[in-house]
Amino acid sequence: KAGVTQTPRYLIKTRGQQVTLSCSPISGHRSVSWYQQTPGQGLQFLFEYFSETQRNKGNFPGRFSGRQFSNSRSEMNVSTLELGDSALYLCASSLTSGGTGELFFGEGSRLTVL
Amino acid sequence: AQTVTQSQPEMSVQEAETVTLSCTYDTSESDYYLFWYKQPPSRQMILVIRQEAYKQQNATENRFSVNFQKAAKSFSLKISDSQLGDAAMYFCAYRTPNFGNEKLTFGTGTRLTIIP
């Protein structure tokens with residue numbers, strides 16, 4: 001069974017640009033969540049989608065947004081990029097939402113903002 | 001808000017020996033879920049072990065076990081018979097029991113090195 005697929009794996013942008021990252025969850029998983037990983041702040045929760053609805057959102061500015069499609073694929077968008085947005089963005093999917101449900105992570109999209 | 005603290009940024013252990021990674025957390029909730037995730041150098045995080053707070057019995061998964069002390073809000077991970085493939089960043093994580101809440105609150109991680 002295919003794992004969580006994130007594209008692109010690496011990308012470089014300049015300040016002020018916007019970026020869209022894609023995540024394809026494991027087949028049958030309806031919950032997709034996003035995390036930002038940086039050396040300084042560690043792993044921080046961005047948001048979670050379940051059946052095309054955003055159910056939770058972390059403490060990030062409105063420049064960070066996301067959506068989920070009917071096939072459970074998800075995208076996140078960051079507008080007006082800042083240097084501090086350089087990070088590894090991890091997507092995770094799960095079969096059941098909450099509880100002891102295991103999150104299955106993708107390998108991440110490494111964003112560098114110059 | 002819940003917080004998770006991992007006070008050991010780096011640990012090392014001889015191959016075949018046992019190592020314990022520490023994790024403490026702060027919460028006002030009585031029920032919750034705790035996890036240890038492993039992130040090898042390839043970056044894909046994988047679940048190592050999970051614990052439900054209402055279960056007093058410590059979780060065990062093969063060479064991995066936890067010491068869950070609810071009153072002390074401590075959740076340490078013990079790795080027995082360490083292997084080279086155990087080298088990775090290990091993250092302790094907390095999840096609230098609220099239905100439909102997938103958010104994990106992670107600690108800052110412990111980098112584990114296995115010495116051959």
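These numbers were taken from a predicted model, which means no experiment stands behind them. Order of the sequence lines sets the chain letters (A, B, ...), proteins ahead of strands, with each chain counted from 1.
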Donor-acceptor pair, side chain of A/Arg63 and main chain of A/Ser79, under 3.5 angstrom: yes
A/Glu48 and A/Lys57: CA distance, side-chain angles, deciding distance, salt bridge (charged side-chain N to carboxylate O under 4.0 Å, His left out) verdict: CA-CA 7 Å; A/Glu48 182 224 342; A/Lys57 190 177 192 306; over 6 Å; no
More than 12 heavy atoms from other groups under 6.0 Å of CZ on B/Arg63: yes
Chain A contact via B/Tyr32 - side chain, backbone, both or neither, heavy atoms under 4.5 Å: neither
Toward chain B, the part of A/Gln41 with a non-hydrogen atom under 4.5 Å: neither
Top contributor to chain B interface from A/Leu88, A/Val4, A/Leu90, A/Leu46 [non-hydrogen pairs under 4.5 Å]: A/Leu88
Ring-face cation of A/Arg55 near A/Phe50 (centre distance under 6.0 Å, axis angle within 45°): yes
